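One structure below.
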Amino acid sequence: MNGIDPTNVQVLAAVLFALGVAVVLTRRNVFLLLMGVELMLNAVNLSFVGFSRELSGNESLWGQMTPLFIIAIAAAEACVGLAMVICIVRGRDTLDSDAFADMKE
Amino acid sequence: MPPVDLFPLFLPLTLVIAGALIVLGFEPFLQRASKHRLLPWLAAILLVAAGAVQAGAPTGSLHGIFAMDTPRLWMCEAIIISTLIAIGGLQMSLARDDYPGGEAYSLSLFGAAGAMLMVMAVDTLALFVALELMSLSIYALVGMRRNRRESNEALFKYFVMGAVFSAIFLYGAALSYGATGSTAFGHPWRDEAHRGLFLFGQVLMLIGLLFKVGVVPFHFWTADAYTGAPVAVTGFMGAVVKVGGFAAIGTLWLNLAAVASGMPIPGVLDLGAAVTLNQTGKDLLAHYNLAFLVLGLLSLVLGNFSALKQTSIRRIIAFSSISHAGYMLLALALPIGEKLQLGSLWFYVVGYAIATAGALSAFTALAGKEDINDNLSGIAGQGRARPFYGLLLTIFLVSIAGVPPTVGFLGKYLIFQDLVVRGDVKIAIFAMIMAVVGAAYYFRTLVAVWAAPSCEPAKAGPPVLSGWVLAGAAVLTLVLIGWPNALIRPDPAGAANLGLSAPAAPAAEQAVLPTGLATAATR
């Protein structure tokens, strides 16, 4: 094991995850919301890969395999998300998420 | 747990997924009217076959990734039955609306497959894949009425929040993996330096799952998602997501208890087994325990009192589902003694799922075209116009409210009894009072259903499937009360595999239980 300190990888993953959360919480554009979610998922991938470098043998294998599953599922989720965007833009003609607050609390 | 072969374990699941694919394959080649005549029957036949096979499913674990045992078997059955009920309701609803597509049947079967996998998963990666299979299908079902504004809005809110909380769950899984070196549940942390990381990861995973079941600080999506979905879908998601979610939470909790108590790698835990806690484990889990109790009580208060104010039936059910999540959380509380056993939770989940799916499916019959009667004034007198469905709705709502002699009553009784045995008498009394508050809005709904008609009765002519299925489910809510022992009692085989002594329940004591109620003494 050489090069990058594993702790730094985890710090980077945590920062990326927090950025993703911040994007989802603050942005109003539907596409930016979806991008924030993608960023969170990829931060998780980075975290898994970082941990797999720290571990050895079979334990390391799980950390390399899991991101492959997550990438596939993130793609499926993006499909549903984009279908949803088409659906709602047809109905309201806007990408601003504040427009979707008609239902009473 | 003994190892089990792939094929017998997954046969029920294969049938469900085959049903989904067959329905999806036939859908484009059918006329619009025959879609709703033919496809639900295809789906129902495969579901019934899956249910029959599931009843004889082998118990054991598949490479430490999936597992099957008595509580899991019951929950898989509950999912299959709820889906069958939902298919009946969907057929009624979609045929009445002249809905152009038949994809909803296929989606609900995929959702059911996801929930069944969630119940069986004992590995975080498997659990995540299952969770997403269920969630993605249900997102699509919620947004089914593409031209309706509230449907779009519900889909948007549910999807964005659901995706965020899935990611939070997954980050928790990543941190737990880093701390333990395995994605499987029940691995202890590598060394003391990693204990904090492990516990933090478990908390993130719990937050992700608590969101799915709609417990209080994470409940905000429930009302909108339930109201935006078609009534038949509301019942399906209310039932299936709760079963899958609480099975996952229970698996996580039992494994956490075993790891915290320093049991040598517990392997695959039987959900019916009792986990022996030592003092270290209890100290470590005390904060979680407190959080479960506080969140459970908050869910009870907020769910019940918000439901009292609502007039839309779907919103009443949505807030009542929050309160039921509260009861289920209370069932997770740690025992005063040494053994943690979640039997009352499993029984409650099974009873709740069938009754909720049934209630909303029966309500579909009374709700009119595009669910136009979805409020207390709209439903007034519909029970008199269509007494068969009115009666079924009554039975299911009475069960959800927890009135004897229904399965809902026994579920609540067992949870309260657990709380009293654990020494949380005040909490038990408070929960009982909340159950009475809850009964108020169910009976308000029932009074409206049987009141003098005030408007046009809903159009008749539902297809036969829903009638048969619902009648069967109603019988089940009354009959299941006889079999709590299967779930309440720790499975001796599972306990033995953990290296625990078999539960101290003498055979004589089991024999004297008259109505099948497990007494406090046997714990």
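If you're wondering where the values come from, they're calculated on a predicted model, not measured in any experiment. Each chain gets a letter, A, B and so on, in the order its sequence line appears, and its residues count up from 1.
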Under 4.5 Å heavy-atom distance to chain A, tell me which part of [X] shows up: side chain, backbone, both or neither.
X: B/Y139; answer: side chain
X: B/L175; answer: both
X: B/R190; answer: side chain
X: B/L155; answer: both
X: B/L197; answer: side chain

Check whether any side-chain heavy atom of [X] sits under 4.5 Å from a side-chain heavy atom of [Y], and report yes or no.
X: A/W62; Y: B/T124; result: no
X: B/F128; Y: A/V44; result: no
X: A/V21; Y: B/V164; result: no
X: A/M40; Y: B/I168; result: yes

For residues [X] and [Y], report the shortest heavy-atom separation together with the two atoms involved.
X: A/F17; Y: B/A167; result: CE1-O, 3.7 Å
X: B/F159; Y: A/M84; result: CB-SD, 3.7 Å
X: B/R146; Y: A/C87; result: CG-SG, 3.8 Å

Give, as side chain, backbone, both or neither, the part of [X] having an atom under 4.5 angstrom from any heavy atom of chain B.
X: A/A14; answer: both
X: A/A83; answer: neither
X: A/L33; answer: side chain

B/M161 CE: over 12 foreign heavy atoms closer than 6.0 Å = yes
Answer yes or no: are there more than 12 heavy-atom neighbours, outside A/R28 itself, under 6.0 Å from its atom CZ?
->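 Above 12, so yes.
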Give the member of A/L41, A/T66, A/N58, A/L61 that has the highest number of heavy-atom pairs under 4.5 Å with chain B.
-> A/T66
CG on B/L170 to CG on A/N45, rounded to 0.5 Å |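 So the CG of A/N45 and the CG of B/L170 are separated by 7.5 Å.
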CD1 of A/I73 to CG of B/L125: how many Å apart, nearest 0.5 Å?
->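 A/I73 CD1 to B/L125 CG: 7.5 Å, rounded to 0.5 Å.
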Begin with the C-alpha distance, continue with both residues' side-chain angles, and end with the deciding distance and a verdict on side chain to side chain contact (heavy atoms under 4.5 Å, CB included) for A/M65 and B/T183.
-> CA-CA 11 Å; A/M65 198 181 70; B/T183 53; over 6 Å; no
Counting heavy-atom pairs under 4.5 Å to chain A, which of B/A163, B/S306, B/S166, B/G143 comes out on top?
->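 Highest number of pairs under 4.5 Å: B/A163.
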Between B/Y177 and A/F48, how do the two ring planes meet: parallel, tilted or perpendicular, split at 30° and 60°?
-> tilted
